[in-house]
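Below: the structure, in structure tokens.
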Amino acid sequence: MTIALVDCNSFYCSVETSFQPWLRDRPVCVSSSNDGCVVARNDHAKKIGIKMSQPVFELRHLVEQNKLILFSSNYELYQSLSNRVMAILESQAPRSFCYSIDESFCALDGIADPLGWAQETQAMIKQRLGLDVGVGISNTATLAKLANWAAKKWKAQTGCVVDLRDPVRRDRLLNYAPVNEVWGIGRRLTEHLGGLGINTAWQLASADPKFLRRHFNVNVERTARELLGVACIDISDTGTGRKQMIISSRSFGQRITTLEPLLEAVASFVSIAAAKLRLQGSLANCIQVFARASPFASGQPYSASRIIALPAPTDDTRDLLSAAVGGLRDLYRPGVEFAKAGIVLSQFSQRGAITGDLFAPAPRRNSDALMAVMDSINARQGRGSIRLARDTATGPWKMHRQFLTPPYTTSWDALPKARC
DNA sequence: TCTGGGGTCCTAGGACCC
DNA sequence: TCTGGGGTCCTAGGACCC
């Protein structure tokens, strides 16, 4: 099978500059929520030494001197552009599987000229959305990722498209590529592998699979086999489909020491997660609530969580919230400067596929209808238009987003005006 | 002053079964 | 001295991804 991995270059930065193209030749970064650290950089920013995950406070002087353009993450905008990229790929590829906000695996069944397909698709995305994509082509997902890495590394020579199906080319790249560039090999595994004398992708590929299985796990073994062209990862398993857990959490705009704003923040997280839960048609059997002080602060470190088994599977925001509130009251400690909190929904049942519990409390009347009305109003009028009283939508826990751009594609008022 | 958010998978080890 | 063998299920923690 021929697999193409299509991946947007510096996605968040490219989206921002596609609406402000006069910034394309300047160093541009996008920060995480709360403007905490760097999550995306364009090539110019990389060139002046901006590191991934670098704390934003270290870059303030560059921003003030106008040497660096910084944007707060505008996640709604990125998601909306991502949807458009994915729609193009769906129309172009026989099968495509969205893997993350900015990349997709495409199965090129029956495409006679994959390289030509890649160049055509690349041009189409550039023309319609103003975004640059890189394409890696090979026979396995892991090799397609590595081909994509090569395409970006040698952008000028490759036109950001690399076809790695030929074993001679493949082995040449495997010899060159450091093992940490292989998909699935992170920092810890790189250290561990290095200790065993495995430093390049080629050394990993040619290691004895039994040896890898013994020293690591089945994933490392699979990765090594994939590098030699033996498909072990099914790309149709990636991406879409129901989540097995739903997390909503945030670092706060300010430290919180009292219980009330903490409860309000958690109410907001529960509302967000419950809406996602209903959207995928699941019911949660378990909710976890956690809160912690900043691990970087000088004060007493504190981190706690409570896991609450729900009496019956539910997607009602009120039931989920009352469980979370109980857990939060239990873990709250006066005097702790809380920096972050969140909730995790898990152990899902499928709606309509549940055996009732004779001893469970009677379900709330009209719960489904009420939740459906809330969801439809919020879908039409914007998130938080209608909400539980505890979810105040404002408070000291709200994110800082000092450098936020307008929602260009999701609000009529913010449609970009002609300027160039 | 200041350090993201949201996911997945695997394994070891404990509890428990006969 | 010495304490079975084989199995399932669950969970915490660690690793990875973007």
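If you're wondering where the values come from, they're calculated on a predicted model, not measured in any experiment.
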Between [X] and [N], is there a side-chain N or O to OP1/OP2 distance below 4.0 Å?
X	N	result
A:S294	B:dC2	no
A:S73	B:dG5	no
A:K276	B:dG7	yes
A:S100	C:dC17	no
A:K340	B:dG5	yes
A:R255	B:dC2	yes
A:R250	B:dG6	yes
A:Q347	C:dC10	no

Nearest-Å distance for atom pair CG/C1', residues A:N180 and C:dC16 =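 Checked: the CG to C1' distance equals 13 Å.
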What's the CE-C1' distance between A:M245 and C:dT11, to the nearest Å?
->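 To the nearest whole Å, that distance equals 12 Å.
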Using the P atom on both, measure C:dC18 against B:dT3 and round to a whole Å.
->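 It comes out at 25 Å once rounded to the nearest Å.
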When you compare the side chains of [X] and [Y], does any donor N or O come within less than 3.5 Å of an acceptor on the partner?
X	Y	answer
A:E181	A:Y176	no
A:N285	A:S349	yes
A:R387	A:S268	no
A:T314	A:D319	yes

With nearest nucleotides of DNA chain B determined for A:I272 and A:F57 from heavy-atom distances, which residue corresponds to the more 5′ nucleotide?
->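 Closer to the 5' end of DNA chain B: A:F57.
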More 5' along DNA chain B: A:N34 or A:Q244, using each one's nearest nucleotide?
->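 Its nearest nucleotide being more 5', the pick is A:N34.
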Select base, sugar-phosphate, or nothing to describe what A:Q54 touches, counting heavy atoms under 4.0 Å on all strands.
->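 A:Q54: no heavy atom of the nucleic acid under 4.0 Å.
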Quick one: label A:S31 by what it contacts on the DNA or RNA (base, sugar-phosphate, nothing), any heavy atom closer than 4.0 Å.
->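 Since no nucleic acid heavy atom lies under 4.0 Å of A:S31, the category is nothing.
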Minimum-distance nucleotide (side-chain atoms of A:Y99 versus B:dG4, C:dC17, C:dA15) =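 Closest nucleotide among those given: C:dC17.
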Determine, for A:K210 against A:D208, whether the closest basic-nitrogen to carboxylate-oxygen distance falls under 4.0 angstrom.
->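 Between A:D208 and A:K210 there is no salt bridge, as every charged N stays at least 4.0 Å from the carboxylate O atoms.
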Output yes if the stacking criterion (under 5.5 Å between centres, under 30° between planes) is met for A:F296 over the base of B:dT3, else no.
->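 Stack criterion met.
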